[in-house]
There are 2 protein chains.
Amino acid sequence: MTVTQATATPPLLRRVNAGKLLGVLSNAGVMTGTGLIQATGLTRATVHAVCNDLISMGWVVELDPGRDDTAVGRPSRRFEFNSRAGYVLGIDIGDAKTTVLLADLRGETVAKAGRSVSDVKTPGERTDIVHETIVEALASAGVCDPQVLAAGVGVAAPVDRDGNILVDDEFWRRFDAGLAKRLTELHGWPVLLENDANLAALGEQWRGEGRDVDDLAVLLAGERFGSGLMDSGRLLHGSRGGAGEMVYLKLVEGVGDTHGIARIARDQGAAAVADPAVDTILRTLDGPITAEQVFTAAGSGDEVALGILQHVAGRTARVVATLGILFNPELVVLGGAVAQAAKALLPDIERHLATFTSTPPRVAVSSLGDAIVSVGAVRHALNYVEQHALDLNLKPA
Amino acid sequence: MTVTQATATPPLLRRVNAGKLLGVLSNAGVMTGTGLIQATGLTRATVHAVCNDLISMGWVVELDPGRDDTAVGRPSRRFEFNSRAGYVLGIDIGDAKTTVLLADLRGETVAKAGRSVSDVKTPGERTDIVHETIVEALASAGVCDPQVLAAGVGVAAPVDRDGNILVDDEFWRRFDAGLAKRLTELHGWPVLLENDANLAALGEQWRGEGRDVDDLAVLLAGERFGSGLMDSGRLLHGSRGGAGEMVYLKLVEGVGDTHGIARIARDQGAAAVADPAVDTILRTLDGPITAEQVFTAAGSGDEVALGILQHVAGRTARVVATLGILFNPELVVLGGAVAQAAKALLPDIERHLATFTSTPPRVAVSSLGDAIVSVGAVRHALNYVEQHALDLNLKPA
DNA sequence: GGATCTAAATTTAGACTCTATATTAATCAC
DNA sequence: GTGATTAATATAGAGTCTAAATTTAGATCC
């Protein structure tokens, strides 16, 4: 048998150089030809050839010639990454709320939409709500589907490296398996599923407390503990997407379950009120006790509420300690609904933490608020776009 | 200012293709030109050009032309990875024993040497012993230092991604910091430090129970628990090399410290003997109780010893559970001195494990015995060689 | 032994991308 | 306008690849 030889000419070098140049341009501002020569080590001829390619593809725009550094000589050609060459979506499908962020290719938010979902019954209903929210976000910015290059989607379930949701529960499997496919059918862009805590870690590293930190854990600490783990800038998934799963907490002394800060505060607040022997401001409040009320009461000096927060701090410290010791992140970021309130707990958490390990991680509170997952989802989509930039066809508005 | 242009022509494509071809050849047997064309997708002209390069560099040898598949036509040129183009060392510097493995570039062991070290006092002494063991291994195979391309070295301390040992203890820091530098001075080859449990994970994935497993944890379970974690084929290090550190076990219910299987078995055996009310074969044995004796006694039906092993199994299951849940490996391999004995505990461990998680990892016992770290160290060195192959100068014997 | 067949090696031509250098162009200062 | 300066453009040349034509080494058949 005669072997037929390879047919297509892979313009490998050109591809490599185009990727390199696009990388430089995408996280720098306006750059001159000379600047690119210095940044990439390539020749001027090559830089111009590649830039012309990138311009014709739509990834780069050329500005009027001008001068940045010197005031003499022929003005430089000036190139800029075309951050409006396309858009990405960051979608957080939470239990109670679906959030959609539309961002340009620099990650700047262009539009935002949200829907609170109280009681969703079927996979179809859920998908519909997500779809509506997306349509709203796109419409408010005047962006149409063909301009969207990818969507990152965070779900509260294990997701493996390939974006497959892996849960045993039949209902959720049907819901989630259908979701990505359905959204792609409806809109045409690729849907990249990822675990919500993992996206939170991406978000924190990108635009949160974890900038320049490559070994990072994010602890979502609201109703239930969940964690996203990043080692050397890479998210951990484990074999079935289960990395970061916190069920082991039931084996941890002084923790015992995966209940988060809000839940514990609320439960203990309610328990205190239920005991007539306990004296606390909380009793004077209407309706069922909320976590916020406990934090507020502690802020105004209520001894019982303070005691609850002490307990919560100790408990949280144990959770952080286990993560900190086994994974050795440089930083653990506390996120979720309670993040801001948890700021007051930081000193206590750090104090407890020091009793568990002599090399504790830094602990910080997320400043991304409830956008922590959707911001990470945007980053996830951007990563995909950067990876596949030279294979994507950009469509003008 | 005029920008001077890049000077050197980087033969990037050729490098890429050479790497690709070398990769194919290094884990295949004899290959024909045609076979390489099919494996790489390159043209015959390119394949031959690159092969000629690799032959002149020493990485590949050409055999007499022959035919493998068909019996007609012109015989093929036949190429083979030159597994004796150089050698690597895998060194395990354990508490009690230093083991040195000399392997060829396919990883086949060529020589082996070991030294038991009872009481070493100074960093210098330790280095001397390691050096002696290396010299012995090299001599017994007639290999000289210039033929050695790299050495992987496992130590029982945190090691970061760059091979730096990070311990607070001043003594160990001096010892370890000096070690790599000193060995390189003495022998000339690069020394790649890595944590011993991490190397164990590399070893298991390469030649142990973890073949074809990319998400893997190795639990060294002898005297003290230690773990090496691999996610998607990559070892975890954490920010200060501390990933896999087990001190969190002091927070785990039913565990409480990092004592390993051997230590617990021995301690509980001794405690049983110390209690005159307890009836056990162990009492009839001379000298202090050892872990082996407890396992043997259990094998012969001693109730007390069986009870101890039950306890050890439950305890180990908790350790495996925490790793399995948080990190979600496909497989947890038990390694260390007790590995073979622990085989008997597997059913019990798995039974307990199922009570902690509904998706437990597979659990297996290492078959690499006390070579688990040194085999991993060989793999670590081979990884380095593969990575840097085209930059290394091969020296003939 | 010589013709014939096959598969692979070798040769040759051509395309592409890069570097390096020479030439041209645009702007400012005087 | 002239000269200095800096960058763009054009040109030449070196490498590396693909693709197609040609040659070669052995097996088979008559």
Side-chain angles (χ1 to χ4, degrees), chain A residues 1-22 30-57 60 62-79 390, chain B residues 1-22 30-57 60 62-79 390:
Chain A
M1 172 202 60
T2 314
V3 174
T4 51
Q5 313 222 326
T7 58
T9 298
L12 181 51
L13 248 188
R14 193 48 160 277
R15 236 190 112 83
V16 169
N17 287 335
K20 198 192 290 189
L21 258 164
L22 193 54
V30 176
M31 293 213 61
T32 65
T34 307
L36 289 171
I37 291 168
Q38 293 171 314
T40 60
L42 297 169
T43 313
R44 172 163 264 116
T46 308
V47 166
H48 280 354
V50 171
C51 280
N52 291 340
D53 284 357
L54 291 174
I55 288 168
S56 72
M57 284 192 266
V60 170
E62 182 164 5
L63 283 61
D64 292 332
R67 50 187 75 255
D68 298 326
D69 35 0
T70 53
V72 286
R74 175 172 179 167
S76 312
R77 287 179 72 183
R78 294 194 298 175
F79 306 97
L390 300 176
Chain B
M1 173 202 60
T2 315
V3 173
T4 52
Q5 313 223 326
T7 57
T9 297
L12 181 52
L13 248 187
R14 193 47 160 279
R15 236 190 112 84
V16 169
N17 287 335
K20 198 192 289 188
L21 257 163
L22 193 53
V30 177
M31 292 213 62
T32 65
T34 307
L36 289 171
I37 291 168
Q38 294 171 313
T40 61
L42 297 168
T43 312
R44 171 163 265 116
T46 309
V47 166
H48 280 352
V50 171
C51 279
N52 291 340
D53 283 359
L54 291 174
I55 288 169
S56 73
M57 283 192 267
V60 170
E62 183 165 3
L63 284 61
D64 291 333
R67 48 187 79 254
D68 298 327
D69 35 0
T70 54
V72 286
R74 177 172 177 166
S76 314
R77 286 178 74 181
R78 294 193 299 175
F79 306 96
L390 300 175

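Residue numbers begin at 1 in each chain, while the letters A, B, ... track the order of the sequences. What you see is a predicted model; the values in this text were computed from it and never measured. What's counted below: heavy atoms across the whole structure, side chains too, no hydrogens, waters or symmetry copies.
- Rounded to whole angstrom, the span from the CG atom of B:L42 across to the C1' atom of C:dA9 amounts to 17 Å.
- Of the side-chain N and O atoms in A:T43, none sit less than 4.0 angstrom from OP1 or OP2 of C:dC18.
- Distance B:L12 CG to D:dA14 C1': 16 Å, rounded to the nearest Å.
- Counting to the nearest Å, the P atom of C:dA9 and the CG atom of B:L63 are 14 Å from each other.
- Map A:P65 and B:R78 each onto its nearest nucleotide of DNA chain C; the residue landing nearer the 5' end is B:R78.
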May I have the step-by-step check of salt bridge (Lys or Arg N to Asp or Glu O under 4.0 Å) for B:E62 and B:R78, ending in yes or no? CA-CA 6 Å; B:E62 183 165 3; B:R78 294 193 299 175; over 6 Å; no
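- Each of C:dT17, D:dT9, D:dC17 was ranked by its minimum atom distance to the side chain of A:L13; first place goes to C:dT17.
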Grab the N/O contacts between the protein and nucleotides 1-5 of chain C below 3.5 Å, and write none if there aren't any.
none

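- Distance NZ/A:K20 to OG1/A:T40: 6.0 Å, rounded to 0.5 Å.
- Remark: A:D53 pairs with A:R14, A:M57 by the side chain to side chain contact (heavy atoms under 4.5 Å, CB included) rule, at least two apart or across chains.
- One atom, CE of B:M31, and another, P of C:dA9, lie 12 Å apart when rounded to the nearest Å.
- When distances are taken from the side chain of B:R44 to each of C:dA8, D:dA7, C:dT17, the shortest belongs to C:dA8.
- Nucleotide D:dT6 holds its C1' atom 13 Å from the CD atom of A:Q38, rounded to whole Å.
- Taking 4.0 angstrom as the limit, B:T46 places a side-chain polar atom (N or O) nearer than this to OP1 or OP2 of D:dT18.
- For the pair A:R74 and D:dT5, the criterion of a side-chain N or O lying under 4.0 Å from OP1 or OP2 is not met.
- The phosphate of C:dT10 has OP1 or OP2 within less than 4.0 Å of a side-chain N or O from B:R77.
- Here A:L22 contributes atom CG and A:F79 contributes atom CZ; the two are 13.0 Å apart, rounded to the nearest 0.5 Å.
- Atom CG of B:L21 sits about 6.0 Å away from atom CG of B:L42, to the nearest 0.5 Å.
- The separation between B:N52 atom CG and C:dT10 atom P is 8 Å, rounded to whole Å.
- Put simply, CZ on A:R14 is 11 Å from P on C:dT19, counting in whole angstrom units.
- Atom OG1 of residue B:T46 and atom CD1 of residue B:I37 lie 9.0 Å apart, to the nearest 0.5 angstrom.
- For the pair A:V16 and B:L12, the minimum side-chain heavy-atom distance is below 4.5 Å.
- Residue A:P75 is the one, among B:N17 and A:P75, whose nearest nucleotide of DNA chain D lies closer to the 5' end (criterion: closest heavy atom).
- Spacing between atom NE2 of B:H48 and atom P of D:dT23 amounts to 18 Å, rounded to whole angstrom units.
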